[in-house]
> 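Dropping the structure in here first, questions after.
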Amino acid sequence: MVVDVKNVSVRYLLGDFKDIGVKEYLVQKITGTHVVKEFWAVKDVSFSLDQGDFLGVIGTNGAGKSTLMKAVSGVMKPQKGSITTKGQIAALLELGTGFDGDLTIKENIYFRGALLGYTEKFMDEKYPEIIEFAEMEEFEDRKFRQLSSGMRARIAFSIASLVDPDILILDEVLAVGDGAFRAKSEKKMMDIIKGGVTTLFVGHSTAQMRKLCTKVLWLHKGKQVAFGDPKHVCDEYDAFIRKNAQV
């Protein structure tokens with residue numbers, strides 16, 4: 001197994017100083033109004049992936065999808081359960097994460113590569129491929145903060161998918177950008193599947209899940225509803241969405 005998630009639960013503390021700021025925290029402590037509440041964003045989730053598996057993670061807003069991806073990537077530590085991964089992880093968790101707005105696109109590509117642990121020599125070899133795939137050659141000297149969300153998505157996806165990871169984590173990145181680039185990204189995803197990279201992909205489109213994924217995980221309010229065959233899980237999820245839309 002390349003990814004093994006066993007009975008994982010992830011908690012947020014609402015009301016601590018990280019959540020409300022140091023000033024408000026001190027005011028509440030002095031006035032005796034300070035209360036910390038627990039919120040379990042992910043509750044007892046388990047699944048495993050082999051080399052080359054493409055997992056789609058679906059669920060409505062607040063289902064815990066992004067939190068789970070942060071835990072798998074190592075950004076967050078679960079309070080319960082265990083996560084085991086084998087190999088290099090490239091994670092695109094939030095658009096703009098790992099980029100500096102005051103650096104150029106070219107500088108950011110090298111910066112992001114360094115954060116992922118790649119050498120300058122490796123990035124020298126990969127840079128032309130990354131900038132070409134993103135279709136951003138003429139903008140390589142533009143500041144990252146000047147880019148549209150679609151442009152940022154192109155750069156972020158290109159880096160994540162072209163740096164040869166063992167495990168690739170994509171959080172809704174294929175939902176951003178124009179139709180032509182989404183089609184191009186989907187084709188790249190199919191190439192990744194054939195190349196044996198284990199991929200975890202968060203999205204809302206069950207049509208995309210059916211087309212790309214070998215397994216699908218459905219989360220609802222932090223809990224695991226279903227895991228397994230894409231058609232079966234997507235059929236159940238679509239039925240759930242239709243039923244709730246009529247309420």
Side-chain angles (χ1 to χ4, degrees), residues 1-16 18-19 36-50 53-85 89 91-95 97 153 160 167-176 182 185-186 189 193 198-247:
M1 286 182 288
V2 178
V3 178
D4 188 25
V5 175
K6 291 182 178 178
N7 307 116
V8 163
S9 296
V10 182
R11 177 192 64 194
Y12 288 103
L13 293 178
L14 305 180
D16 69 349
K18 295 179 184 177
D19 181 43
V36 176
K37 296 180 180 179
E38 290 186 340
F39 170 68
W40 290 91
V42 175
K43 307 173 187 175
D44 197 28
V45 172
S46 298
F47 65 90
S48 60
L49 303 175
D50 296 316
D53 273 341
F54 195 116
L55 175 70
V57 184
I58 55 175
T60 54
N61 291 335
K65 304 183 299 293
S66 295
T67 298
L68 179 61
M69 293 303 99
K70 289 177 182 177
V72 174
S73 67
V75 172
M76 298 184 69
K77 185 176 180 179
Q79 279 67 43
K80 297 180 181 180
S82 64
I83 299 174
T84 303
T85 59
I89 298 176
L92 178 53
L93 299 173
E94 296 173 357
L95 196 59
T97 299
I167 301 169
L168 178 62
I169 300 176
L170 302 171
D171 191 347
E172 299 196 69
V173 65
L174 297 187
V176 185
R182 282 199 299 271
S185 298
E186 286 189 1
M189 288 295 92
I193 294 172
T198 302
T199 304
L200 294 83
F201 164 56
V202 173
H204 288 286
S205 170
T206 52
Q208 203 171 46
M209 297 283 179
R210 296 171 194 270
K211 182 178 179 181
L212 293 173
C213 300
T214 59
K215 296 177 181 177
V216 171
L217 173 67
W218 172 14
L219 299 178
H220 184 65
K221 294 182 178 180
K223 296 181 180 179
Q224 180 172 333
V225 180
F227 168 68
D229 175 68
K231 182 181 185 307
H232 177 70
V233 177
C234 288
D235 284 350
E236 287 190 343
Y237 180 71
D238 285 340
F240 170 80
I241 294 297
R242 288 194 298 269
K243 179 180 179 181
N244 282 270
Q246 296 170 359
V247 175

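The residues of the chain are indexed from 1 along the displayed sequence. From a predicted model like this one, the values you see are computed outputs, not experimental measurements.
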> Measuring from K231:NZ to E236:CD, what's the distance to the nearest 0.5 Å?
10.5 Å
> Please tell me if the side chains of Y12 and T67 come closer than 4.5 Å, counting only heavy atoms from C-beta onward.
yes
> Taking all non-hydrogen atoms of both residues, which atom of G228 and which atom of V233 are closest, and how far apart?
N-CG2, 3.8 Å
> Side-chain contact, heavy-atom cut-off 4.5 Å: V8 with K80?
no
> Could you tell me if the side chain of Y237 sits less than 4.5 Å from the side chain of M209, heavy atoms only?
no
> Rounded to the nearest 0.5 Å, what separation is found between the NZ atom of K215 and the OG atom of S48?
5.0 Å
> Mind checking the CH2-NE2 spacing from W218 to H232? Nearest 0.5 Å is all I need.
9.5 Å
> Quick one: closest heavy-atom pair of H204 and G59, and the distance?
CE1-O, 3.5 Å
> Look only at the side chain of T85 and the backbone of V3, and say whether a donor-acceptor pair between them is shorter than 3.5 Å.
no
> May I ask you to decide if L55's main-chain N or O and D53's side chain share a donor-acceptor pair within less than 3.5 Å?
no
> Between M1 and L49, is the side chain to side chain contact (heavy atoms under 4.5 Å, CB included) condition met? List the steps.
CA-CA 6 Å; M1 286 182 288; L49 303 175; over 6 Å; no
> For K223 and D44: C-alpha separation, side-chain torsions, deciding distance, then whether side chain to side chain contact (heavy atoms under 4.5 Å, CB included) applies.
CA-CA 7 Å; K223 296 181 180 179; D44 197 28; over 6 Å; no
> Just wondering, do F47 and L68 contact through their side chains at under 4.5 Å, heavy atoms?
yes
> Verify, without hydrogens or angle tests, whether Q224 (side chain) and S46 (backbone) share a donor-acceptor contact under 3.5 angstrom.
yes
> What distance do I169 atom CD1 and F201 atom CZ have between them, rounded to the nearest 0.5 Å?
13.5 Å
> Closer than 3.5 angstrom, by distance alone: can the side chain of K65 be matched with the main-chain N or O of L219 as a donor-acceptor pair?
no
> Please walk me through it: do L212 and T199 pass side chain to side chain contact (heavy atoms under 4.5 Å, CB included)?
CA-CA 10 Å; L212 293 173; T199 304; over 6 Å; no
> How long is the gap from OG on S205 to CD1 on I58, to the nearest 0.5 Å?
10.0 Å
> Are V42 and P78 close enough that some pair of their side-chain heavy atoms sits under 4.5 Å apart?
no
> Is the shortest heavy-atom distance from the side chain of M69 to the side chain of L200 under 4.5 Å?
yes
> Where do V72 and I83 come nearest, in terms of heavy atoms and distance?
N-CD1, 3.9 Å
> To the nearest 0.5 Å, what is the distance between CD (Q208) and OG1 (T206)?
10.0 Å
> Quick check: does any side chain N or O of T198 sit under 3.5 Å from a backbone N or O of I167, one acting as donor and the other as acceptor?
no
> Please test S82 against K6 for side chain to side chain contact (heavy atoms under 4.5 Å, CB included), starting from the C-alpha separation and ending with a verdict.
CA-CA 5 Å; S82 64; K6 291 182 178 178; 3.7 Å; yes
